[in-house]
Amino acid sequence: MSPEARALESLLAFWADAGVEAAYAEAPQDRMAQGLEALRPRPIALAQPARPLAPAQEPAPQAAEALELARSLAAEAADLAALAAAIAAFEGCPLKFAGARQAVFSRGDPDAPVMVIGEGPGADEDAQGEPFVGRAGKLLDRMLGAAGLTGRVFITNTVFWRPPGNRDPTPAEQQVCAPFLERAIALVRPKALLLVGGSAAKSVLQRKEGVLSLRGRWFEWRSADGALALPAMPTLHPAFLLRQPAAKKKAWEDLLTLMDRVDRQARPS
Ligand code: URA
């Protein structure tokens, strides 16, 4: 194999490892219809004049409506099965129409003392319909098992449809899914939340710091109506640990801190 082919193979393996197995634009492009003109090389503009940033957008009216609908559907869900059905039927999250095969809600024990919240489904989760079932999920399961939590966790995500190309979910996508996540927390009533990765930690706790500064610390999570308060701890995402195995020590310390609290903590009434 030539050095170029080896380099290309290694680059593709790197992307596959990161969960990126497709590269596509927002809309399909018909290159045949564009004809030869589209294929001709174009001069490259070396210096672009600076453009002012677009002013911050007000939330679209549809987004506010979708959030309202999510709130009322979530509030009506009397149990986790009803909540799963409400999520599957919900059409207010744009991710549902961005290539996801199905809604991915949860797996695990509905009476679990610990609720694990990740950022969003990846390719394996999208195919199988359950969160954290790919390589990162297998590592998560091994780590939770080592901490004595096998069968004692309820696992879900901040969004319930796979973001295209495994990108991070946007704050708007997380916001419209948040009423369902909050209802899941209220139905399970765990002793503590384990927030896996920076995207989940920032969204659930409404913090701006990166996960390296948030991890291993206790925060108080409160429901929107203030009726439920739970201890919540961010930790490193297992996909990050697959790329940076040396960081597993930190994640293990976080799990020990979690278990220490869970053993002492009473379930919320
Ligand atoms: N990463 C996540 O954050 N959630 C999943 O369900 C899978 C991978």
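Counting begins at 1 with the first residue of the sequence. Just follow the structure's listing: the first ligand is 1, and inside any ligand the first atom is 1.
- Counting heavy atoms only, G120 comes closest to atom 5 (C) of ligand 1 of the residues G122, G120, G118.
- The shortest contact between atom 1 (N) of ligand 1 and any protein heavy atom is with H237 NE2, 3.2 Å.
- Contacts with ligand 1 closer than 4.0 Å are made by heavy atoms of both the backbone and the side chain of E119.
- A salt bridge between E125 and R101 is absent, with no side-chain N of the basic residue lying under 4.0 Å from a carboxylate O of the acidic one.
- Distances below 4.0 Å separate heavy atoms of N157 from the following atoms of ligand 1: 2 (C), 3 (O), 4 (N), 5 (C), 6 (O).
- Short contacts between ligand 1 and P131, defined as distances under 4.0 Å to a heavy atom of the residue, involve ligand atoms 6 (O).
- Counting protein heavy atoms only, atom 8 (C) of ligand 1 is closest to F132 CE2, 3.7 Å.
- By the salt bridge (charged side-chain N to carboxylate O under 4.0 Å, His left out) test, R152 is found to be paired with no residue, residues two or more places apart in sequence or in another chain being considered.
- Side-chain contact between R207 and F219: present, with at least one pair of heavy atoms (C-beta onward) separated by less than 4.5 Å.
- Using a cut-off of 4.0 Å between Lys/Arg side-chain N and Asp/Glu carboxylate O, K248 and D254 are scored as not salt-bridged.
- Contacts classified as salt bridge (charged side-chain N to carboxylate O under 4.0 Å, His left out) and involving residues 219-236 (residues at least two apart or in different chains) are given here: E220-R222.
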